[in-house]
Each structure stands twice: as C-alpha cells, then as structure tokens.
Amino acid sequence: GVKVGVSDIQTNDIIYFSSDLNMVLAYTDRVTGVYEKASPTKDSPIQVTVSGKEYSIESVEAFNDLSSSGGFKYGDTVTLLLGRTGEIAGVAGGGSSSTLSTCGFVTDTGRKDFTNPDGSAYSSYYASVVTPDGNVNEYATSYDPKNMKCSVVRINFKDGKASLSSNRQGGSHLGRVNASANKVGDMKLAEDVKIIDTSGTYPDDISGWCRVYPQRIDGVTLSESNVKYYSKNGAGEIDEIILSDVTGDTYTYGVIIRGENGAYTIDVDGEQNIYQTGFSTTARGPHKLRMKGMEIGNMAQLSSHSSFISQLTRTEAVIGSQRYLLSDKVIVYKKTNTSTYMKITLDDAINGNYRMTAYYDKQQSSGGRIRIIVAQ
C-alpha cells in the first residue's frame, strides 16, 4: 500500500501492471516448505499442498512449474511466490536437498499421520511453526522436535523433511518504537515490516502468538528480554520481528467466579465453564489466563485502577486526569453481587449510568491495555 521506487523491486517479487491506472503493483509474500501433493492430479494441478497447507494456483507459469511436465517433484523444497490474491503466481527453489530455509516460532510439536501423494498414510514427527507474516505451517521432521517448542528456529529442508535449529537473533536493545516515523530506536522499519508477538518460554508451556503492527507497540521500548528475533532486508531496514510477550494480546482474559482444589468456574467473554488445573489460587475476579481449549497453563490477577472511569469511549478510558487505551477485545461485565458477573456491551457501558473499574495487565508504556471493565 505504499509508493516505492524501481530499486525497491527485488528478484522473485510478483509484478502486475494495470493499464487503467497506469501503475505497476509489486507483491512480496513467500512460503517455503516441502511439495507434498497436487490436486486433482499432478498432470493438471489446481491446488498444491506444501508442508500441510493448500494453495491455489494463479498463473500459467506456476501451473507449468508444478505440473508433471515442470521441474518440481514431490518432496522438493520449494518457495511459493504468492500474488495479490494469496494464490501461487510463481515458484522458486527445488531439489530434495535445497538450501532454502525459513525462520519462525514453534507453536506445537508431536507425531501424527501424513498422506503420501499416492494416498497411503505414514506416521511422522512434526512441528507447527508460525512465521513473522502470521502464516502457520506444519512440517514433517525426521526426529522428535519437542524440545524446540516455544523457541525461535531456523528451518532447513532435506529429503522432504524439515530440520530445526535454534535461531535466536534478538538479544539486543532495539529501542523505542515510533510508529509515525516508522522506526524503532535509530533503525528504520520496512514499510511492510512483519511482526508477531509470542508467549511461552519452555517446551511444556502453552504457546500463543498474534500478528502485530507498529501502531500497536507505538511508544514501547523493545529491550533484550522481549525481542526473540529480528532481521533486516537488503536496504538495511528491519523487515521481520518476533517479540516475546510484549503486548499481552496472546492471552485470554476472564473472571474467576469460584473455585477450589484446582477446579475453577471462569467466565471468558460471557461464557462460563469449569476448568481443571494443576494449581490452586484463592484469588477471584478479573484474571489473565494462558489457555488452550479447556487447559489452563497459568493465571495472574489483573491490576485495577484505584479511581473509577470518568469518561469512556470505544477506544479509551479517562481515569483521574489520565487517558488509557482499551484492548480491541476489551470485555465489559456488569457485577450485581460478589460472585455474579453478566457480560454487557461496550456501548451499554458507555451509555449507562455505572461506576466502572478498569483492569489492566501491565503499564501502557510496556504494551499493556485495559482488558476488563467491571460496571456496578
């Protein structure tokens, strides 16, 4: 969505020309993985499966490359060059021992059944990896990668399998994010910088991730502890960042209603369920939760502002003389007694006559937001 010069166009970018607009449009969106399957047939492919994910074919060139008459075989490592619709416009790489690689955060590992091109099934270890562009791919591996979960890895491919190696390139103080100047510290951000925030540190943690844009972390100082990885493009601009628990947006937020002996009734976004945990807490009320399905990894009580909200809009709350940003997924509860919470809309809270308390996960300057509002 930004104007660029000819020098910004790189090898393997996908280029379109609009005669009506007299404009050249360039796209850089790539996925690297193992070519596993073509549908309905390799003679006439409409879709292909690369590392467990299906992609449609856009161009005649890509059709020819991926078909039986092309140069790419099942098991080859390929880089799909995606066009403006997210479909395959071109293909790069090839060969069962290709040196193409990609970098990402491991969200899950295990063992599962995969399907060969001939329809037969085989069992393999796998790793699910999210890359800074927010794409999640599942890679078959020749060994159990469980110790790599919740870490940043470099993925290389050989003989149709992925090999994971630790790739922490962060560990340095990047500086304060200035979204309007498109900079972090003294370094320029690429116009199409790709950022994800992640949660989870150890292999037995519940992992989480979310896509992030510079505006979301505007004003936040990125230090050594919260940058897992970053890279630069040919122009020296930061083009990819993997953060470690900066925004808090990877967590679930809800209210603990009651509980004992590791069984808790928790309201999440207006829906109450009983969750079994391996730990106990006497705390009640608004909490930050690391969850996956019905499993809770840990929980932490949210902080509350000491004064009531004096003014509320759809994006911020005024408390005392300060303005605080709301999470874009803020939850509002009407509390009628000590243990009864009923979800209401943000508009209900704005237009109602309530005393409202705001609960937040951490200071706004560190990436925190108001997560829950309780109206009485």
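Nothing fancy with the numbering, it's 1 onward along the sequence.
- Using a 4.5 Å heavy-atom threshold, the side chains of Val106 and Leu164 count as touching.
- Within the structure, ring-ring contact (aromatic ring centres under 6.0 Å, His included) contacts touching residues 232-263 (residues at least two apart or in different chains) do not occur.
- The distance from the CG atom of Asn12 to the CZ atom of Arg30 is 5.5 Å, given to the nearest 0.5 Å.
- Under a 3.5 Å cut-off, the side chain of Asn233 and the backbone N or O of Asp239 do not form any donor-acceptor pair.
- Two residues are said to be in side-chain contact when any heavy atoms from C-beta on lie closer than 4.5 Å; Ile274 and Tyr264 fail this criterion.
- Put simply, the side chain of Tyr74 gets close to the backbone of Ala38: a donor and an acceptor are under 3.5 Å apart.
- Remark: the Thr250 side chain and the Ser199 side chain contain an N/O donor-acceptor pair separated by less than 3.5 Å.
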Could you check Lys112 against Glu138 for salt bridge (Lys or Arg N to Asp or Glu O under 4.0 Å), going step by step and ending with a plain yes or no?
CA-CA 11 Å; Lys112 63 179 293 185; Glu138 212 168 71; 2.7 Å; yes
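- Among the candidates Thr79, Thr77, Thr102, the single residue satisfying the side-chain hydrogen bond (donor to acceptor under 3.5 Å, both in side chains) test with Thr32 is Thr79.
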List the steps and the verdict of ring-ring contact (aromatic ring centres under 6.0 Å, His included) for Phe157 and Tyr139.
CA-CA 9 Å; Phe157 302 90; Tyr139 301 103; 5.5 Å; yes
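- Counting heavy atoms from C-beta on, the side chains of Tyr341 and Val374 come closer than 4.5 Å.
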Verdict with reasoning, Asp269 to Lys343, per salt bridge (Lys or Arg N to Asp or Glu O under 4.0 Å):
CA-CA 7 Å; Asp269 201 26; Lys343 182 186 175 184; 2.7 Å; yes
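- In this structure the side chain of Glu295 reaches within 4.5 angstrom of the side chain of Ile206, judged on heavy atoms.
- Each of Val255, Leu289, Ile257 was checked for a side-chain contact (heavy atoms from CB on, under 4.5 Å) with Ile266, and the lone residue meeting it is Leu289.
- For the pair Asn337/Lys335, no side-chain contact is recorded, criterion being any heavy-atom separation below 4.5 Å from C-beta on.
- With hydrogens and angles disregarded, a donor-acceptor distance shorter than 3.5 Å links the side chain of Ser59 to the backbone of Ala62.
- Identified under the ring-ring contact (aromatic ring centres under 6.0 Å, His included) test for residues 342-376, with sequence neighbours left out: His305-Tyr360.
- Cys150 is listed as a side-chain neighbour of Phe105, based on a closest heavy-atom distance under 4.5 Å.
- Asp76 places no side-chain N or O within donor-acceptor distance of the main-chain N or O of Val78, the cut-off being under 3.5 Å.
- Under the 3.5 Å distance criterion, the side-chain polar atoms of Thr49 are left unmatched by any main-chain donor or acceptor of Lys53.
- For the pair Thr277 (side chain) and Gly262 (backbone), a donor-acceptor distance under 3.5 Å is present.
- The closest donor-acceptor contact from the side chain of Asp8 to the backbone of Gly5 lies under 3.5 Å.
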Run Ile88 and Leu81 through side chain to side chain contact (heavy atoms under 4.5 Å, CB included) and show every step you take.
CA-CA 6 Å; Ile88 305 169; Leu81 311 176; over 6 Å; no
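- Contact annotation: the side chain of Ser231 approaches that of Glu240 to within less than 4.5 Å [non-hydrogen atoms, C-beta and beyond].
- Counting only residues at least two apart or in different chains, side-chain hydrogen bond (donor to acceptor under 3.5 Å, both in side chains) contacts with residues 186-198 comprise Asp197-Thr247.
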Test side chain to side chain contact (heavy atoms under 4.5 Å, CB included) applied to Lys42 and Phe72, step by step:
CA-CA 10 Å; Lys42 199 169 189 297; Phe72 296 97; 5.6 Å; no
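- Among residue pairs with one or both ends in residues 9-31, those qualifying as ring-ring contact (aromatic ring centres under 6.0 Å, His included) are Tyr16-Tyr27; sequence neighbours excluded.
- Within the structure, side-chain hydrogen bond (donor to acceptor under 3.5 Å, both in side chains) pairs that include any residue of residues 206-216 comprise Arg216-Asp249 (at least two apart or interchain).
- The closest side-chain heavy-atom distance from Ile373 to Leu312 is below 4.5 Å.
- The closest side-chain donor-acceptor pair between Ser128 and Asn137, if any, does not fall under 3.5 angstrom.
- Taking the side-chain hydrogen bond (donor to acceptor under 3.5 Å, both in side chains) definition, one finds that Asp144 meets it with nothing, sequence neighbours left out.
- Nearest heavy-atom pair across Gln301 and Ala283 is OE1-CB, 3.7 Å.
- In this structure, the side chain of Ser44 does not engage the main chain of Thr41 through any donor-acceptor pair within 3.5 Å.
- Judged by distance alone, the side chain of Asn64 and the main-chain N or O of Glu61 form no donor-acceptor pair under 3.5 Å.
- With hydrogens and angles disregarded, a donor-acceptor distance shorter than 3.5 Å links the side chain of Asn226 to the backbone of Ser223.
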